[in-house]
Amino acid sequence: MKMISYGRQSLDAVDVQAVVDVLQGDWLTCGPKVAAFEQALGKYCGAKHVIAVANGTAALHVAMLAAKVGRGDRVITTPNTFLASANCAEYVGAQAVFSDIDPASYNLDPVLLEQNWTDGTKAVVAVDFAGRPCNMPKIAGIAREHGAVVIEDASHAIGGGFVFEGKEYLVGGHPWADMTTFSFHPVKTMTTGEGGAIATDDDELAERCRLLRSHGMVKNRPEEPWYYEMPELGFNYRITDIQCALGRSQLKKLDGFVERRQVITERYNNAFSKVDWLTCPQIQDDGNFNLTRVAWHLYVVQIDFSGIGKSRAEVMAELREAGVGTQVHYIPVHMQPYYQNKYGYGRGDCPAAEAYYEQCLSLPLFPSMTDEQIEQVIAAVKGLCK
Ligand SMILES: *Cc1c(COP(=O)(O)O)cnc(C)c1O
C-alpha cells in the first residue's frame with residue numbers, strides 16, 4: 001500500500017514547464033523571474049514590497065537584521081513552532097524568550113505576552129500555527145505600545161486571512177505586522193523547492209532586506225558602474241529564477257490549494273465530531289477578530305492517548321500500517337537542549353504548549369489527496385479505538 005504522507009507538494013505540468021523555460025533562458029539567478037514573483041506575491045497578499053530569499057529561515061534572519069535586533073535584545077516567540085522562529089533571534093546575538101500558547105488556538109496567548117513582557121524586548125515573532133492567523137491586532141497593540149517590532153512568521157499561513165472590525169485582511173497584507181515571513185518548503189502550502197520571502201509595507205525595511213539578502217552590498221556610484229561598497233554585513237540569501245518561476249506558477253493555484261485544504265479539513269471535522277477521545281481544530285471568534293479564511297497548513301488533532309490505552313508511538317505505527325503517515329508539530333522549542341542549557345528553560349515553563357504537545361498528532365493534509373485517501377485516513381483513525 002502506498003503511504004499517504006502528512007503533507008506533500010502539488011505540482012503539475014504547467015509548473016514543470018515554467019521551470020524548464022527558465023533553464024532554457026538566459027537568467028538562472030538574479031534575473032527577471034525573481035522580481036516577477038516578488039511583484040505577484042505582493043499583489044496577491046496586498047504588501048507594498050516582497051523580498052524573496054533562499055528559505056523561510058533566511059527570511060526570519062533577514063527580518064531580525066533589518067529591524068536591527070541584536071546583542072542584548074530579547075525576542076519573544078511561541079514555543080509551539082519550528083526551531084527557526086526562535087533561532088533567528090539567536091543568530092543575531094539576541095535572546096529568544098518563550099511565551100506560552102493559548103490552549104484553544106495553539107498560538108501565542110496575548111494575555112501572557114503582555115505579562116511576560118520585559119524591558120529590552122525588541123521584537124515579537126508571532127507564528128500563525130497550522131495556518132490559523134494569530135490575533136495580530138491584539139499582538140501588535142501590545143508590542144507597539146512597548147516600541148517593539150512585530151514580525152509575523154506566516155510560514156504556515158500563506159493565502160489565509162482574518163476579519164477585523166468587519167474588514168477582511170490577508171496574511172502579509174495587514175498593518176499589524178512590520179514584516180511577514182513565508183516559507184516555500186515542499187511541505188508548505190505552496191513551494192519553490194526551498195525558498196522564502198519577507199513582505200512589508202515599510203520602504204526602509206524593504207531596502208534593508210534587499211541589501212542584507214546580498215552581502216549588504218550597495219552600488220551607489222552610477223558614474224563608476226563597477227563600484228560597490230559594504231556598509232553592513234549581509235549574507236548570500238538569494239533565491240534563483242528557477243525557484244521563482246515555480247513560485248509564480250504555484251501562486252496562480254494558491255487559492256485552489258487553500259480551498260481544497262479547507263474542504264479536507266471540513267471532511268475530517270465532520271467525521272471526527274463525535275469521537276470523544278479526539279479533539280479537532282476549533283475556530284472561535286475573539287471579539288472583533290474573526291477567522292473567516294484559514295489556509296490550513298496542518299490538520300492537527302489532540303488525542304487522549306492514555307484514554308485509548310495506546311502511546312503516540314503505537315498510534316503512529318498502527319496508522320503507518322494502515323498506510324497513513326502522521327507527524328508531530330511541535331516539540332516545544334523551549335524544551336530543546338540548546339535553550340534548556342543556555343537559559344535554564346525546562347518542563348513547566350510553558351505548560352499549555354507542553355500539554356498540547358503530549359496529545360498532538362498531524363494527520364495527512366495536502367491538496368492532491370483523493371477522496372478515497374481522505375476516507376482511508378478517517379477509517380484508520382476511527383479504527384484506533386473500536
Ligand atoms: C518551515 C518553517 C520555517 C522555516 O522555513 P524553511 O523554509 O524550512 O527555512 C520557519 N517557521 C515555521 C513556523 C515553519 O513552519
Side-chain angles (χ1 to χ4, degrees), residues 5-9 37 41 50-65 75-92 96 98-99 101 105-108 123-134 136 139 150-160 171-172 177 179-199 209 212-213 235-240 243-244 246-247 250-251 257 261 294-300 327-334 336 339 350 353 356-357 360 362 365-366:
S5 59
Y6 86 86
R8 66 165 282 130
Q9 67 273 21
F37 175 51
L41 181 54
V50 169
I51 301 91
V53 292
N55 54 65
T57 306
L60 286 162
H61 186 188
V62 164
M64 286 283 137
L65 293 165
V75 176
I76 299 185
T77 191
T78 168
N80 185 32
T81 186
F82 182 60
L83 305 168
S85 319
N87 290 355
C88 60
E90 300 285 319
Y91 292 164
V92 297
F98 299 95
S99 186
I101 60 169
S105 69
Y106 314 144
N107 280 334
L108 268 180
V124 173
V125 177
V127 180
D128 302 320
F129 177 74
R132 180 203 312 259
C134 294
M136 293 309 298
I139 287 173
V150 183
I151 295 164
E152 186 174 356
D153 178 351
S155 297
H156 294 188
I158 194 164
V171 166
M179 287 174 276
T180 300
T181 66
F182 297 111
S183 164
F184 308 121
H185 183 277
V187 300
K188 307 292 162 71
T189 296
M190 57 167 270
T191 189
T192 60
E194 294 278 358
I198 303 129
C209 287
L212 291 160
R213 166 178 70 177
F235 294 81
N236 177 0
Y237 279 162
R238 293 188 305 265
I239 187 169
T240 64
Q243 292 164 297
C244 287
L246 178 55
Q250 287 266 293
L251 187 59
F257 292 162
R261 285 171 176 275
V294 179
W296 292 106
H297 160 56
L298 298 172
Y299 187 83
V300 185
Q327 218 3 305
V328 172
H329 301 93
Y330 288 100
I331 301 169
V333 182
H334 71 286
Q336 291 299 335
Y339 289 107
C350 296
Y356 157 85
Y357 164 65
C360 70
S362 302
L365 178 61
F366 51 93

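Ligands are counted one by one from 1 in listed order, and the atoms in each one are counted from 1 as well.
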### Task
Dump the intermediate steps for ring-ring contact (aromatic ring centres under 6.0 Å, His included) on Phe37 and Phe184, then the final yes or no.
CA-CA 12 Å; Phe37 175 51; Phe184 308 121; 5.5 Å; yes
### Message
If you count every heavy atom of other residues, nucleotides or ligands that lies below 6.0 Å from Ile331 atom CD1, does the total exceed 12?
### Response
no
### Query
Does Tyr91 reach the side chain of Met64, with side-chain heavy atoms less than 4.5 Å apart?
no
## Note on the structure
For Thr81 and Ser85 the tightest heavy-atom approach is OG1-OG, 2.6 Å
#### Entry: Donor-acceptor side-chain pairing of Ser155 and Asp153 below 3.5 angstrom
yes
### Query
Taking C-beta and beyond as the side chain, do Asn87 and Tyr339 meet within less than 4.5 Å on heavy atoms?
yes
Just list the N/O pairs, ligand 1 to protein, that are under 3.5 Å apart, with the distance for each.
from, atom 1, to, atom 2, distance (Å)
ligand 1, 5 (O), Ser183, OG, 3.2
ligand 1, 7 (O), Gly56, N, 2.7
ligand 1, 7 (O), Ser183, OG, 2.7
ligand 1, 9 (O), Gly56, N, 3.3
ligand 1, 9 (O), Thr57, N, 2.9
ligand 1, 9 (O), Thr57, OG1, 2.5
ligand 1, 11 (N), Asp153, OD2, 2.7
ligand 1, 11 (N), Ser155, OG, 3.4
ligand 1, 15 (O), His156, NE2, 2.8
ligand 1, 15 (O), Lys188, NZ, 3.0
ligand 1, 15 (O), Tyr330, OH, 3.3

